[in-house]
Amino acid sequence: MQLSANYDVLAAVNNWKLHGSPESIPTDITRIFAEDVLTMDVFRNKLSKPVFKSLLSTVEQAVPLDRSIADIVALAMKEWALEKGATHYTHWFQPLTGSTAEKHESFVSPDSSGGAITEFSGKELIQGEPDASSFPSGGLRATFEARGYTAWDPTSPAFIMRHSNGATLCIPTAFASWTGDALDEKTPLLRSIEALNRATLQALPLFGIQAKKVHSSVGLEQEYFLIDEEFFYRRPDLMLCGRTLFGAKPPRGQELEDHYFGSIPERVLSFMADAEYQLYRLGVPVKTRHNEVAPGQYEIAPLYEHSNIAADHQQLLMQILKNTARRYGLVCIMHEKPFAGVNGSGKHTNWSLSTDTGMNLLDPGDTPQENMIFLFFCSAVLKAVDQYQALLRICVSSAANDHRLGANEAPPAIISIFLGDQLSSILEQIETGIANTTPEAGLLGLGSPVLPHLARHAGDRNRTSPFAFTGNKFEFRAVGSSQSSSFPITVLNTIIADAIMELTAELDGKIEQGKDFSSALLELLSDIIAKHKRIVFNGDGYSDEWKEEAERRGLLNLPDTMNAIPLLDSAYHIALFEKHHVLSKRELDARAEVMFDHYFKTINIEGETTEWIASTMILPGAMSVLKEQSALAISLKELSIHSNAVLTGIKDLTALCDELHDALTVLHTANAELGGESIHEKAHHVHRHVIPAMNTVRTCSDKIERLLPDALRVMPNYREMLFVK
């Protein structure tokens with residue numbers, strides 16, 4: 001019986017054809033950069049000075065938009081879009097699905113003479129009304145309550161998205177219900193940016209710093225996998241779940257560590273160049289590309305941007321990577337752990353705080369005043385992460401990220417801060433008031449006169465830390481590769497705004513008591529360091545000793561999503577978000593419900609897919625092999641030939657088939673019993689029963705895979721998917 005999937009591994013990699021016409025990619029990046037973005041410079045050329053000045057105040061100073069100029073701005077936007085070849089526009093928003101949404105409207109309207117004209121009004125620019133009934137709302141809306149509104153976000157520029165037959169004007173917007181509740185990721189993000197701005201502007205005058213605006217800056221490192229689409233479409237688990245539910249570990253994975261920063265395969269490099277070209281046209285400042293640790297894994301990273309724009313650009317980046325990969329016969333996989341046994345993918349979120357004058361408040365300075373500013377805001381981060389460690393863990397929680405956190409190079413689920421030796425020593429001196437020798441950065445000699453001396457950083461890197469200080473920013477390494485970056489950034493903005501506000505009030509109080517500024521600041525910093533130093537850990541986050549030490553310190557260990565998300569809408573977190581007007585209780589409750597719902601549906605789909613593949617592909621395939629082996633054994637017996645190889649093979653495969661059958665019975669029962677009516681009960685049920693049953697089925701199936709003849713496999717294996725480029 002022929003069970004082969006009838007695919008040719010070499011054909012998959014050698015016979016791919018570029019989908020669509022290849023576009024010449026200019027090498028002059030400065031010429032094409034942001035050419036499909038409606039920048040303020042474009043508006044400057046298309047608007048009168050008074051109108052432009054009014055719009056600029058809205059964008060840069062958060063002055064409410066003057067509705068009297070809306071029609072003028074809309075006309076300029078329409079003219080620019082038509083010049084770029086756009087035929088439609090859409091309000092581009094970020095619902096609670098974790099991705100983006102859009103409803104396209106044509107610029108064309110019929111006129112009274114039977115012809116057509118192009119129209120786009122200020123009202124259409126400012127507000128749209130997509131159907132809100134089918135988006136996740138966490139109970140904020142009933143299904144029959146369909147009305148929802150999109151509201152233009154003028155702080156994030158509109159852009160043109162191109163396709164093979166035209167182009168569309170995309171207008172970044174917020175998304176809210178008829179009742180005014182935020183149904184998206186952008187609205188809370190914008191609110192948190194304003195909360196951080198308010199808190200920081202209250203603190204800066206204490207240090208003699210003048211600023212009109214403060215914002216968080218974010219740089220997001222995106223990891224992803226690429227596999228040939230021939231393999232992808234022959235893997236139902238990858239197609240439906242985004243990850244492999246089966247797959248025996250190949251003899252070689254990432255053990256030789258030769259993929260990391262290795263030479264980029266030609267087809268992959270061509271894909272990268274194409275994607276970067278499209279991103280440059282959209283104003284996304286991509287800077288870095290390289291091979292990642294796992295075979296078939298890569299990374300792309302843009303430069304720092306305002307956090308709102310960075311979050312929008314991150315969504316564009318993921319969309320373009322996925323779309324462009326298909327042109328090269330590849331599939332881009334964003335799942336946090338698509339392949340077991342090798343590194344998963346993250347979205348390292350580098351967070352910093354800057355003024356409108358360009359001052360990075362987390363950059364250690366060369367003068368005592370600059371260092372005081374840095375230490376104040378660094379201590380605020382220390383306090384925020386310690387007090388809201390649960391919230392940081394929750395905002396990166398998902399069924400997908402559970403497979404990654406604590407595995408290989410991903411950080412553990414216990415939240416801690418890595419500061420490095422030098423900064424840790426400085427904080428210790430401030431706490432104790434005792435000066436000692438601080439490790440110096442200095443120069444690093446490399447032992448050869450040919451090689452230059454390198455500037456040594458003040459601290460080494462720690463790849464096992466979920467939250468690490470890396471020079472002039474903090475790197476939140478726990479964010480998952482597939483998730484929207486908006487909510488983690490919202491959480492960071494809010495908790496640090498809260499800490500800054502409290503530190504400012506305490507410092508003000510000490511000064512009012514008659515203490516001079518320097519003494520008051522040192523006393524405050526000493527208190528903060530003493531209270532929150534438990535969150536600092538510079539060692540190996542993977543070690544069992546750290547888990548024990550973290551427990552002694554009283555740090556939270558929330559190993560998986562179902563331990564984390566029940567804490568999201570606690571009174572403690574509700575008070576935080578309401579205090580800073582970022583999320584109401586209703587909105588936070590809704591997000592908890594959405595997280596429960598997404599977790600349940602993810603595992604439910606995986607559980608049913610596991611049962612389906614194992615029942616209809618793996619077990620029948622093994623049975624067919626048994627049939628052939630049994631026929632061979634009978635033939636040999638008739639010839640009076642005894643073969644231990646044949647009999648042992650039959651015995652081993654029979655035992656595994658029985659083991660798989662029993663495991664499938666357990667999984668079928670777990671899938672059928674959804675564990676109650678509420679989404680909470682269902683989520684807990686799949687966590688407690690479906691996941692263990694899935695794991696047992698996989699263990700049996702992966703053992704069977706090792707016993708099946710290569711020609712009779714029905715799905716591509718790890719060796720092919722990870723190493724065929």
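There is no side-chain donor-acceptor pair under 3.5 Å between Asp274 and Thr324. No side-chain N or O of Thr288 forms a donor-acceptor pair with one of Glu299 less than 3.5 Å apart. A side-chain donor from one of Ser486 and Gln94 sits under 3.5 Å from a side-chain acceptor of the other. With 3.5 Å as the limit, one finds no donor-acceptor pair spanning the side chains of Gln278 and Asp36. Thr187 and Arg191 form no side-chain donor-acceptor contact under 3.5 Å, judged by distance and modelled atom types alone. Inspection of the Thr173 and His91 side chains reveals no N or O donor paired with an N or O acceptor under 3.5 Å. Side chain to side chain, Asn308 and Ser156 fail the donor-acceptor criterion of an N or O pair below 3.5 Å. A side-chain N or O of Arg404 and one of Asn401 form a donor-acceptor pair less than 3.5 Å apart.
A donor-acceptor pair under 3.5 Å links the side-chain atoms of Gln315 to the main chain of Gly98, judged by distance alone. Between the side chain of Arg243 and the backbone N or O of Ala400 there is no donor-acceptor pair closer than 3.5 Å. Under the 3.5 Å distance criterion, the side-chain polar atoms of Asn671 are matched with a main-chain donor or acceptor of Gly607. Side chain of Arg698 to backbone of Gly247: a donor-acceptor contact under 3.5 angstrom is found.
Lys347 pairs with exactly one of Glu336, Glu223, Gln314, Glu221 by the side chain to side chain donor-acceptor pair (under 3.5 Å) rule, that one being Gln314.
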Test log, rule ring pair (Phe, Tyr, Trp, His ring centres under 6.0 Å), inputs Tyr298 and His259: CA-CA 9 Å; Tyr298 306 92; His259 189 258; 5.5 Å; yes
Candidate pair Tyr233 and Leu238, rule side chain to side chain contact (heavy atoms under 4.5 Å, CB included), full reasoning: CA-CA 8 Å; Tyr233 288 117; Leu238 270 178; over 6 Å; no
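Between Ile489 and Ala311, the shortest heavy-atom distance links the atoms CD1-CB, 4.5 Å. When all heavy atoms of Pro188 and Val582 are compared, the pair lying nearest together is O-CG1, 3.7 Å. Here the closest heavy-atom approach between residue Thr494 and residue Thr490 is recorded as OG1-O, 2.7 Å.
You'll find the side chain of Lys682 stays beyond 4.5 Å of the side chain of Asn604, heavy atoms only. Counting only heavy atoms from C-beta outward, the side chains of Arg235 and Phe246 approach each other to under 4.5 Å. For the pair Phe339/Tyr718, a side-chain contact is recorded, criterion being any heavy-atom separation below 4.5 Å from C-beta on. In this structure the side chain of Thr244 reaches within 4.5 angstrom of the side chain of Met721, judged on heavy atoms.
In this structure, Lys78 does not pair ionically with Glu124, as no charged nitrogen and carboxylate oxygen lie closer than 4.0 Å. Salt bridge present: Glu230 and Arg234 bring a charged side-chain N and a carboxylate O closer than 4.0 Å.
How far CG of Leu588 is from CG of Leu568: 4.5 Å, rounded to the nearest 0.5 Å. Here the CD1 atom belonging to Ile605 is positioned 11.0 Å from the CG atom belonging to Leu245, to the nearest 0.5 angstrom. Atom OG of Ser307 and atom CG of Leu189 lie 5.5 Å apart (nearest 0.5 Å). The line from OH of Tyr277 to OH of Tyr280 is 12.5 Å long, rounded to the nearest 0.5 Å. Atom CZ of residue Phe175 and atom CG of residue Asp184 lie 7.5 Å apart, to the nearest 0.5 angstrom. With values rounded to the nearest 0.5 angstrom, Lys337 atom NZ is found 10.5 Å from His335 atom NE2.
The number of heavy atoms from other shown groups lying within 6.0 Å of NE2 (His598) does not exceed 12. Within a 6.0 Å sphere centred on CD of Glu83, heavy atoms belonging to other residues, nucleotides or ligands number more than 12. Surrounding NZ of Lys84 are more than 12 heavy atoms belonging to other residues, nucleotides or ligands, all under 6.0 Å away.
Ring centers of Phe120 and His88: at least 6.0 Å apart, outside the cut-off.
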